[in-house]
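Along the sequence shown, residues are numbered consecutively beginning with 1. If you're wondering where the values come from, they're calculated on a predicted model, not measured in any experiment.
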Amino acid sequence: MGRPRGPASAGTPLLIACALGIEQVALRSGRGAAGPVRVLRTGMGPRAAEAAVARALARPGGTPEAAVIASGFCAGLAPGMHPGDLVVAEETRDPDGTTPCTGTGVLVAALSRALPGRRVHTGPLTGSDHVVRGPERAELRAGGAIAVDMESAATLRTALCHGPRPVAAVRVVVDAPEHELVRIGTVRGGISAFIVLRAVLPAFHEWHRSSTLPRR
């Protein structure tokens, strides 16, 4: 990806990609917006994410050096996870490969400051093209992943296909092994995750300011 070119300037935009309308609402309505940011709703699934991110980065007059964060909700895979916990990916995985993430440590520290008392988990975030339940979750956990969602891996891979840039994935757990969506308490867990997602923007901007743009 080349040598570092220095911190991302105030004029370098941040693109936050999410799948669902409710995720977009949470991210857009969150406190702490500072600097150029676009919250892109991609639609559900890896193919939708690929298409939406490709259009966003290739549009006429676009900014090819936009830093990209994949965000929204996810399913936790590790025992002891709870709705409202945060997941910061060290890498994203799916059948098409693995994408290392930028500045994981910076994001963890920034999220801990923005959301004191919330647990922040780090590790591999795996991708799926469908909702994962029961035994399949155990299989993914056995492979080392700590959480699963449908769009992050496709989002980051597509972003890097359109040029070198900082990329990251930050998700909020909406269900977990002991708190699956089909169980009683789902609504409470969803509200908790929504509130957390509204509070992540200051940490995203701190990561963005500290990120380095690759030298072409």
Side-chain angles (χ1 to χ4, degrees), residues 16-20 22-23 26-27 30 32 46 49 68-94 98-128 131-157 166-181 183 185-186 188-208 210-211:
I16 304 172
C18 61
L20 304 176
I22 191 170
E23 296 169 335
L27 290 161
V68 175
I69 294 181
S71 194
F73 304 134
C74 71
L77 300 175
M81 281 184 162
H82 294 86
D85 285 2
L86 287 146
V87 171
V88 178
E90 294 176 340
E91 64 184 28
T92 58
R93 303 172 175 176
D94 69 2
T98 299
T99 302
C101 294
T102 308
T104 298
V106 172
L107 269 172
V108 170
L111 287 165
S112 297
R113 287 190 290 272
L115 289 145
R118 286 288 176 182
R119 293 184 65 189
V120 182
H121 307 265
T122 61
L125 174 62
T126 195
S128 174
V131 175
V132 176
R133 298 194 185 282
E136 192 174 1
R137 289 192 183 197
E139 292 175 10
L140 294 174
R141 176 60 180 161
I146 64 168
V148 58
D149 79 287
M150 296 172 64
E151 297 83 24
S152 291
T155 292
L156 301 196
R157 184 177 59 254
V167 294
V170 177
R171 293 277 171 173
V172 181
V173 174
V174 73
D175 73 331
E178 293 89 0
H179 304 272
E180 286 199 13
L181 284 173
R183 297 188 179 182
T186 296
R188 184 172 65 250
I191 292 171
S192 175
F194 181 87
I195 291 170
V196 171
L197 194 59
R198 288 193 67 207
V200 297
L201 272 181
F204 287 7
H205 285 295
E206 185 172 338
W207 171 85
H208 185 209
S210 72
S211 298

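Judged by distance alone, the side chain of Thr155 and the main-chain N or O of Ala49 form no donor-acceptor pair under 3.5 Å. Between the side chain of Glu23 and the main chain of Phe73, a donor-acceptor pair closer than 3.5 Å is present. Judged by distance alone, with hydrogens and angles left aside, the side-chain atoms of Ser71 form no donor-acceptor pair with the main-chain N or O of Cys18 at under 3.5 Å.
When every heavy atom of Leu27 is checked against every heavy atom of Phe204, the shortest pair comes out as CD2-CE2, 4.2 Å. Contact record, Gly127 with Val148: C-CG2, 4.4 Å, taken as the closest heavy-atom pair. For Ser152 against Arg171, the heavy-atom pair with the smallest separation is OG-NE, 3.0 Å. The shortest non-hydrogen separation linking Pro79 to Arg141 is CD-NE, 4.3 Å. The two residues Gly76 and Val173 come nearest to each other via the heavy atoms N-CG1, 4.0 Å. Across all non-hydrogen atoms, the minimal contact from Leu115 to Ala199 is CD2-CB, 3.5 Å.
In terms of the salt bridge (Lys or Arg N to Asp or Glu O under 4.0 Å) criterion, Arg118 has no residue partners (sequence neighbours excluded). Remark: Arg119 engages no residue in a side-chain hydrogen bond (donor to acceptor under 3.5 Å, both in side chains) (not counting sequence neighbours).
Here Asp94 contributes atom CG and Glu151 contributes atom CD; the two are 11.5 Å apart, rounded to the nearest 0.5 Å. With rounding to the nearest 0.5 angstrom, the NE2 atom of His205 is 8.5 Å from the CD1 atom of Ile69. Separation of atoms SG (Cys101) and CG (Leu107) is listed at 9.0 Å; rounding is to 0.5 Å. To the nearest 0.5 Å, atom OG1 of residue Thr126 and atom CD of residue Glu91 are 9.5 Å apart. Distance CZ/Arg157 to OG1/Thr98: 10.0 Å, rounded to 0.5 Å.
The number of heavy atoms from other shown groups lying within 6.0 Å of CG (Leu20) is above 12.
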What pairs of donor and acceptor atoms, side-chain ones from residues 83-90 against any protein atom, are under 3.5 angstrom apart with sequence neighbours left out?
| from | atom 1 | to | atom 2 | distance (Å) |
| --- | --- | --- | --- | --- |
| Asp85 | OD2 | His82 | N | 3.1 |
| Asp85 | OD2 | His121 | NE2 | 2.9 |

Worksheet entry | Candidate pair Thr102 and Trp207, rule side chain to side chain contact (heavy atoms under 4.5 Å, CB included), full reasoning | CA-CA 9 Å; Thr102 308; Trp207 171 85; 4.2 Å; yes
